[in-house]
Every structure is written in structure tokens, then in C-alpha cells.
Amino acid sequence: MTEEFDLAALLAERGAERYELHARHLNHQLPRVLRTIGFDKVYERAEGAHFWDAEGNDYLDMLAGFAVMGLGRHHPVVRKALHDVLDASLADLTRFDCPPLPGLLAERLLSYSPHLDRVFFGNSGTEAVETALKFARCATGRPRVLYCSHAFHGLTTGSLSVNGEDGFRDGFAPLLPDTAVPLGDLDALARELKRGDVAALIVEPIQGKGVHEAPPGYLRAAQELLHRHKALLIADEVQTGLGRTGTFYAFQHEDGVEPDLVCVAKALSGGYVPVGATLGKDWIFQKVYSSMDRVQVHSASFGANAQAMAAGLAVLSVMENEEIVANAAAVGERLKSRLAELVDRYELLADVRGRGLMIGIEFGRPTSLKLRSRWTMLQAARKGLFAQMVVVPLLQRHRILTQVSGDHLEVIKLIPPLIIDTSDADRFVDAFTEVMDDAHHGGGLLWDFGKNLVRQAVANR
């Protein structure tokens, strides 16, 4: 007789091996990096915007699983929806029927962008981008897609072709025939469009890498330029969508912007079942699915599965009933304004920017001799080390999880769950203030840690 599978017993027996299992069987660099920077924590449970370790210590999550946990962890409405869909024993993924949940979720999603007509469901943000790239090429009959410098749109081959960071692209060439233009540079966009081979421009309304917002008026002007040259505007809202920036979509901060294709994912999952969605205009879908023999010309094996659709419907219900978008706008404004007040107080703090609960904190070269010499030492070893120096004590001393916004960037990005409240925001600002005081006025431990990071950076060259 086969022994019954017992997940709780397995975790109790083998859970302590987590870092060794990763080192042996998965990405061996991950545990090495985590141990180097002191992030090799063991979290026992999580709820909302908080984690707890085995000793019962509370940690504030200002990362949200790279924006996946828009509603925090284990929201009861999403949990119930998943229990309900599993208990329903639906005939899921037959591939020869039209189940109701995908249609219902598409209907709800499209209600937030009434200029769009249809949805394709995949399994991730990078799949949503891949879909948009394919649909744009098919609809226009053109091969080239433009993207913005420093963009991030995913890591599969197509989305990697529109990734603006060489560190991700190195070693994977040749990629697709795509071209970078600077974010906000309409002249560069116009020059590329004159060549007549551009299918689309894909753009993040606020770039995740560095938290750089498209300049006012850029998206609408770019849209007009693209349409004049019969090309499309693709808005990548994988990270910025579903309320992250204080509106449902980030492109909605600018009047008159109506992208031809919109990519969403991350928070739509409720943190449980991976999902990606590409929303688009009817005529684009008509071009792709142009006849009955092209009915499966673009599909995904697990796309539109019942669990993902149920999670997505539950997420949208919670967002409306609990006024999640308004909370992101209000708490985000408090967090940003309190942080902005510190710019004049600390010479190492250069800028605070962003919208809603997507905030970038940038550090810069100080003016005083003592701090400038320390800053120069770090920059000579590796750009981005000071930001990492701040992230580490935020976790180790204040139990707040954050991230550096990109490789070789002196920027910390805050993308917490959209459910955080003012006490969470104040907890972060108070902790950040203590870390900055230490860096400017005491700083022994902080700068000693910086020296250790320098040694690691030199050893890894």
C-alpha cells in the first residue's frame, strides 16, 4: 500500500535543509549571495505585509515578492476563492470547451480600460510581453520593436530582446531585431519610425529599474507618433498595473493615452497561481486569429486555468471592496513626502521619486571630505554598493525587507503590498532615518560592512 503524502511532515523533516538543497540542486549562486549580504533568513510564516521567523520576530515586507503580493500574503478572500474552485471539481483545461471563468475575468479586466476589447491569458509577465510582441508583429506585418533604454520586460528570448540591461542580455545572443531609444526622447523615436519597419514601441510608464517615470506628455506624444507611422504602443504594466502607482494602470496618470496592447501579471495572481494577461484592441486579435485554422496560432498550455482565473477574479473583487487603489495613492503619498523631507537633511541622499507605492530612493556623491572618500572607495569597487549597505541594516537591525533597484544602481526601490497602512510607512521612514544617521554621523558598523562588500566585489571580478 502506498504511503499517503504528508506535506507538513516533509517540511518538518527537511525544511532546515533549504539553503543546502538550493546550493546542490538549483541556482547555486543564490544561497551564496544571500549569505554574503546577510539575507539568509528563515521565515516561518507570513500574513499581509509581514513575515515572522522561528523566534516570532516580525518583519515588514517592502518588496512584495517583486510586486507579486499586491494584496499581501494569504488574503482570506483569495484563499477562499481557491478553496472554492478546487472543491468545485471543474472540468478544467479540456481545450474543447469555453469555460466561464476566463470570460468573466476578461470582462472585469477590460472594464478598467474600456478602449480595449480582448484578452489573452498566459502564465507570467514575460509571457504577456511575448504575446504583445508577437501580436504587434502580426498585426502590422513589421519585424522591429522599439524599447526604452534601461527597460525590463522579462527574461525569455523575445522579452529579453527588449530588455535594456546588457547584464541580462550577455551570453544569449542573437536576439530579435529590436532597437533601444531613450525614455522620453521623441526625436529618437521619430528617427526610428521613419525607417518604416517598426511594429511597436513597448514602454513601462514607470521603469522598474531605477524607478524612472516617463516625462509628462511623452506617452501621448509617442502614441500619436506611432499611430502616424502605423505602429503600435504597448504598455508594460506587469509591475505598475493593478493599483501600484495610485491608479489602476500607470498610463492613466496621463490624459489621452490609450495603448493598443497592455501587459499585466504579478498582482493579478493574488500571490498564489501564476497568471499573465495581454489586453488588446479587437482588430489586432482579428489579425492574429484570422481564420478557423489559426485558432491555436498562439496559446498556452496552462493559460486561463480555473485556479488562476478564480484568483484573478478574487483579486479584482478585493481591490474594489477594500479600495486598494485609493490606499496605495494615500499611503504612497505619505511615504514619499516623509522621505522627500530627508533629502536636504542627508548629503548622501540625492532624490526620492515615484508614484503611489512604487518609490525610488537614490543616493549620490556627498560633499564632505570624510564621506566623499568613503563613497569613492565603494564606487571604485562596484557601483551600487552603498545602496546595498543601506538595505542590509534595514533587514538585520530593523527587520524590513527591501531591494536595490538594479545592478550597478545606487537606488533602493520600495514596492510593498498595496495594503500597507500609515503605521507601516512610518515604521520604514523611522528605520531608514536611523540608518542614514548612522551613515552620516556614526557609521562604524555600516561602513565596516561596506568594506566587506568591497572585498567580496573584488574577489568576484
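Just so it is clear, the values below take in all heavy atoms, side chains as well, and ignore hydrogens, waters and symmetry mates.
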Residues [X] and [Y] bridged, charged N to O under 4.0 Å:
X    : Y    : answer
R382 : D407 : yes
R338 : D430 : yes
E333 : K336 : no

Please indicate whether [X] has more than 12 foreign heavy atoms, meaning atoms of other residues, nucleotides or ligands, lying under 6.0 Å from its [atom1].
X    : atom1 : answer
K41  : NZ    : yes
H150 : NE2   : no
R18  : CZ    : yes
E320 : CD    : yes

Query raised in the report: Does the separation of the ring centres of F51 and Y43 fall below 6.0 angstrom?
Result: yes

Report task. Please confirm whether Y112 and Y249 have ring centers closer than 6.0 angstrom. Result -> no

Looking at [X] and [Y], what are the two nearest heavy atoms and their distance?
X    : Y    : answer
G303 : N123 : N-OD1, 3.6 Å
P417 : A64  : N-CB, 3.6 Å
L133 : S159 : CD1-N, 4.1 Å
F39  : T402 : CE2-O, 4.2 Å
A328 : R244 : CB-O, 4.5 Å
A91  : D97  : O-OD2, 4.2 Å

So [Y] and [X], do their side chains get closer than 4.5 Å, heavy atoms only?
X    : Y    : answer
Y289 : I284 : no
H212 : R353 : yes
P205 : L219 : yes
T247 : R355 : no
V404 : V411 : no
L335 : V429 : yes
V119 : L110 : yes
R79  : Y272 : yes

Query raised in the report: Run the side-chain contact (heavy atoms from CB on, under 4.5 Å) check on I415 and Q239 step by step: do they pass?
Result: CA-CA 9 Å; I415 44 172; Q239 185 165 132; 4.0 Å; yes

Query raised in the report: Should L232 and L201 be marked as a side-chain contact (heavy atoms from CB on, under 4.5 Å) after you check the CA-CA gap, both sets of side-chain angles, and the distance that decides it?
Result: CA-CA 6 Å; L232 308 182; L201 168 70; over 6 Å; no

Is a donor on one side and an acceptor on the other found under 3.5 Å between the side chain of [X] and the backbone of [Y]?
X    : Y    : answer
T94  : F96  : yes
N305 : F302 : yes
D117 : D282 : yes
Q207 : S149 : yes
S161 : L176 : yes

Kindly list each side-chain donor-acceptor pair under 3.5 angstrom involving residues 257-267, sequence neighbours excluded, with atom names and distances?
| residue | atom | partner | partner atom | Å |
| --- | --- | --- | --- | --- |
| D260 | OD1 | H227 | NE2 | 3.3 |
| D260 | OD1 | K281 | NZ | 3.0 |
| D260 | OD2 | H227 | NE2 | 2.9 |
| D260 | OD2 | L233 | N | 2.8 |
| K266 | NZ | F66 | O | 2.8 |

What is the distance from atom [atom1] of [X] to atom [atom2] of [Y], rounded to the nearest 0.5 Å?
X    : Y    : atom1 : atom2 : value
I359 : I206 : CD1   : CD1   : 10.0 Å
M69  : I419 : CE    : CD1   : 11.0 Å
L101 : D92  : CG    : CG    : 8.0 Å
E130 : S124 : CD    : OG    : 8.5 Å
F432 : I400 : CZ    : CD1   : 11.0 Å
D424 : R334 : CG    : CZ    : 11.0 Å

Would you kindly say whether [X] and [Y] are connected by a side-chain donor-acceptor distance under 3.5 Å?
X    : Y    : answer
E322 : H75  : yes
S317 : N321 : yes
T245 : T240 : no
R220 : Q223 : no
Y147 : N163 : no

With [X] via side-chain contact (heavy atoms from CB on, under 4.5 Å) - residues at least two apart:
X    : answer
T131 : F120, F135, T278, H298
D255 : none
E107 : L104

Requested in this report: Given side-chain contact (heavy atoms from CB on, under 4.5 Å), test E237 with F251 step by step and report yes or no.
Outcome: CA-CA 8 Å; E237 296 269 3; F251 70 77; 3.2 Å; yes

Requested in this report: List the steps, then state whether side-chain contact (heavy atoms from CB on, under 4.5 Å) holds for M436 with I361.
Outcome: CA-CA 12 Å; M436 294 305 292; I361 304 171; over 6 Å; no

Requested in this report: Using side-chain hydrogen bond (donor to acceptor under 3.5 Å, both in side chains) as the criterion, list what pairs up with E165, not counting sequence neighbours.
Outcome: K209

**Report entry** side-chain hydrogen bond (donor to acceptor under 3.5 Å, both in side chains) partners of Y218, counting only residues at least two apart
**Finding:** none

Requested in this report: For R14 and D6, run salt bridge (Lys or Arg N to Asp or Glu O under 4.0 Å): C-alpha distance rounded to whole Å, both residues' side-chain angles, the deciding distance at 0.1 Å, then the answer.
Outcome: CA-CA 12 Å; R14 303 289 305 278; D6 188 334; over 6 Å; no

Report task. Look at the aromatic rings of F363 and F386 and report parallel, tilted or perpendicular, splitting at 30° and 60°. Result -> perpendicular

Report task. Kindly determine whether R399 and D53 satisfy salt bridge (Lys or Arg N to Asp or Glu O under 4.0 Å), including the steps that lead there. Result -> CA-CA 10 Å; R399 300 197 301 275; D53 61 21; over 6 Å; no

